[in-house]
Peer 1: 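Just passing along the structure, written as structure tokens.
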Amino acid sequence: MPLHQVAVFNPFPFVVGQRIHIAGGPRSGDWQVIGLGERKVQLRCPVSGREVEWDRFCYLAENREQEWPMPR
């Protein structure tokens, strides 16, 4: 069989207390992980205090040091 370039994605292993930045899409912005379930992740916006619960959805693109929360 011939070999092909394939993009492989893995669910991100969130940790409670972790600070994350989602770079694109409708969920973009800075968030803090405040809870974890088997299928859900609970996040809080550090600016507005808004809390959300979504299906686990993120994939790690890179780790880097940056200001958090980022100024808009």
Side-chain angles (χ1 to χ4, degrees):
M1 284 187 156
L3 299 179
H4 298 275
Q5 290 291 323
V6 177
V8 179
F9 297 88
N10 289 306
F12 185 75
F14 291 106
V15 176
V16 172
Q18 187 171 35
R19 290 170 171 85
I20 66 171
H21 177 78
I22 301 172
R27 298 173 175 161
S28 66
D30 293 313
W31 299 94
Q32 184 167 18
V33 179
I34 59 170
L36 295 169
E38 187 174 315
R39 300 184 59 103
K40 301 281 186 178
V41 59
Q42 297 166 328
L43 304 173
R44 178 186 304 121
C45 174
V47 176
S48 69
R50 177 180 172 218
E51 294 184 7
V52 295
E53 180 178 74
W54 290 317
D55 289 337
R56 291 184 179 226
F57 59 89
C58 286
Y59 301 90
L60 180 63
E62 67 178 302
N63 275 314
R64 64 181 176 201
E65 287 191 31
Q66 70 178 42
E67 189 175 342
W68 187 93
M70 303 239 337
R72 295 190 180 236

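Residue indices begin at 1 and follow the sequence shown.
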Peer 1: Checking E53 now: which residues fulfil salt bridge (Lys or Arg N to Asp or Glu O under 4.0 Å) with it, not counting sequence neighbours?
Peer 2: none
Peer 1: Give the C-alpha distance, both sets of side-chain angles, the deciding distance and a yes or no for side-chain contact (heavy atoms from CB on, under 4.5 Å) between V41 and V33.
Peer 2: CA-CA 7 Å; V41 59; V33 179; 4.1 Å; yes
Peer 1: Which residues pass the salt bridge (Lys or Arg N to Asp or Glu O under 4.0 Å) test with R44, not counting sequence neighbours?
Peer 2: E51
Peer 1: For V52, enumerate each residue passing the side chain to side chain contact (heavy atoms under 4.5 Å, CB included) test, keeping only those at least two apart in sequence or located in another chain.
Peer 2: W31, L43, R50, W54
Peer 1: Among the clusters formed by ILVMFWY side chains lying less than 4.5 Å apart, do I34 and V16 turn up in the same one?
Peer 2: no
Peer 1: Is it the case that the side chain of Q32 and the backbone of R19 share a donor-acceptor pair, with hydrogens and angles ignored and the cut-off at 3.5 Å?
Peer 2: no
Peer 1: Please check this pair: side chain of R56 against backbone of G37, looking for a donor-acceptor N/O pair closer than 3.5 Å.
Peer 2: yes
Peer 1: If you look at every heavy atom in A23 and S28, which pair is closest and at what distance?
Peer 2: C-CB, 4.2 Å
Peer 1: Under the ring-ring contact (aromatic ring centres under 6.0 Å, His included) rule, collect the residues that match up with W68, sequence neighbours excluded.
Peer 2: none
Peer 1: Which heavy atom of I22 sits nearest a heavy atom of R27, and at what distance?
Peer 2: CD1-O, 3.4 Å
Peer 1: Output the distance between atom CZ (F12) and atom CD1 (I20), rounded to the nearest 0.5 Å.
Peer 2: 8.0 Å
Peer 1: Check whether any side-chain heavy atom of L36 lies under 4.5 Å from a side-chain heavy atom of Q42, and answer yes or no.
Peer 2: no
